[in-house]
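Presented below is the structure to which this report refers.
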Number of protein chains: 2
Amino acid sequence: MSKLSKKEFNREGLLNQGVVFFMNQGYHGTGLQEILDAVNVPKGSFYNYFNSKEEFGAAVIQHYIEPFIARLSAHLQQSGSDALGAIRRYFAELIVELEENQFKGGCLLGSLMGEIGSTSDVCQQSLQSAIARYRDLLQSGLAQAQQQGSVRTDKTPEEMADLLINAWQGALLRMQIEKSSAPVKQCCHDLLDDFFIP
Amino acid sequence: MSKLSKKEFNREGLLNQGVVFFMNQGYHGTGLQEILDAVNVPKGSFYNYFNSKEEFGAAVIQHYIEPFIARLSAHLQQSGSDALGAIRRYFAELIVELEENQFKGGCLLGSLMGEIGSTSDVCQQSLQSAIARYRDLLQSGLAQAQQQGSVRTDKTPEEMADLLINAWQGALLRMQIEKSSAPVKQCCHDLLDDFFIP
DNA sequence: TTATTAAAAACGACCGGTCGTATTTTTAAA
DNA sequence: TTTAAAAATACGACCGGTCGTTTTTAATAA
């Protein structure tokens, strides 16, 4: 493996483990050492990859949201004339994975919003942009569904996307402490099978 | 002031400041020293009041939820035949206070669920019971409103209470990073003025 | 005196971050 | 193409400081 790609490999590893540790133990509850040990990167090398823990946190946030956007995007793209179905299937997939993980994870964005959303400007901005991107995608999916007649049109897609994201975040928190997927299932059902239907 | 009541006074002060600091900086982001300094209690004395930071955190959670339950309860009690109006006014009051606080706070329960909901059993249980009490109260209010004909009856009050709490929590997180009360206002409007209406 | 509580001092572990230095990679001149 | 200078990266020891907790001492009550 060439040296250049090894650097990128290590960087990716740090971001991946950052997601895992921050999700399980929170930002302040996770020491850099834990992450570095997990990827076998020496302490002194960390600052060749990132300028500070805070900037690392911001990068982890962006790294975290990417696959979610890619997956939702893929579902929407291949859904043809059933955008609402694509959204339903996307969330159903997430629920399956949450169950597989025994409800340990939740959503990194939700956890970090509460923990450092008010204290770290850098991370706050990262959270803002991550959620905005996710929201915009969901919004476009709901707009498609409106044109297809499967979603009510007396609410803006923006409004519904926000409600769905917020309720989903809250349901994920509940899921964590109740160790049950009931909250997230209920949430999807209430909105996608009822409130959003014309 | 007698010694006994001074001890109770200090204990209350610690809990109050615990709410403030945990809300602003998170659990792991707050050192005991900060809280102790704010209440002028020596560090060595902390363990005369609480057995550990973790148990202190669990106590802070219970201490935090109390006034919310009392206020919602009061609104419902004096609402007569307009339980839905009481719930609306309760949340409207909360929104005013959030705006006064410049969206700094959010909800301690939401923040701590994400940060330590999966790692601290003691706090997890405390969060569970705090939310359950709050939910039950909201549920009873919604049941009243159903009997009064102002809320739809094809959904259980439990289901609606959960959705309201979850969406509210998510909206509070959004409010924090967007520094705007728009998310919480939208949330209340979507549910209390639309989805819950028969 | 003895028993009980408050508080000070001390504990080891760990925090994020910096340091000097060794090694490698890139750049540019020859 | 070879070589020399410069820039970037790797790395572990180490920084001052803070963490939550424990032990020891001082003060108070019985």
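Quick note on labels: first sequence line is chain A, next is B, and so on, each numbered from 1.
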Under a 3.5 Å cutoff, is there a donor and acceptor pairing between the side chains of B:Gln125 and B:Asp121?
no
Not counting sequence neighbours, which residues clear ring-ring contact (aromatic ring centres under 6.0 Å, His included) with B:Phe21? List them please.
none
Rounded to the nearest angstrom, tell me the gap between atom CG in A:Asn48 and atom P in C:dT21.
17 Å
Using a cut-off of less than 4.0 Å, is there contact between a side-chain N or O of B:Ser45 and OP1 or OP2 of C:dA7?
yes
From CG of A:Leu36 across to P of D:dA13 the rounded distance in Å is 15 Å
With a 3.5 Å cut-off and no angle check, do the side chains of A:Glu159 and B:His189 form a donor-acceptor pair?
no
Does a side chain donor of either B:Gln146 or B:Thr153 reach within less than 3.5 Å of an acceptor in the other side chain?
no
Rounded to whole Å, how long is the line connecting atom CZ of B:Phe50 with atom C1' of C:dA6?
16 Å
Rounded to the nearest Å, what distance is computed from the CG atom of residue A:Asn40 to the P atom of nucleotide D:dA10?
14 Å
Only one of B:Leu138, B:Leu191, B:Leu94 passes side-chain contact (heavy atoms from CB on, under 4.5 Å) with B:Trp168; say which it is.
B:Leu94
Please tell me whether A:Ser126 and A:Gln62 have a donor and an acceptor in their side chains that are separated by less than 3.5 angstrom.
yes
Protein N or O to nucleotides 16-21 of chain D N or O, pairs below 3.5 Å:
unit_1	atom_1	unit_2	atom_2	d
D:dG20	OP1	B:Thr30	O	3.3
D:dG20	OP1	B:Lys53	NZ	2.5
D:dG20	OP2	B:Leu32	N	2.9
D:dG20	N7	B:Lys43	NZ	3.0
D:dT21	OP2	B:Tyr47	OH	2.8
D:dT21	OP2	B:Lys53	N	2.9
D:dT21	O5'	B:Tyr47	OH	3.3

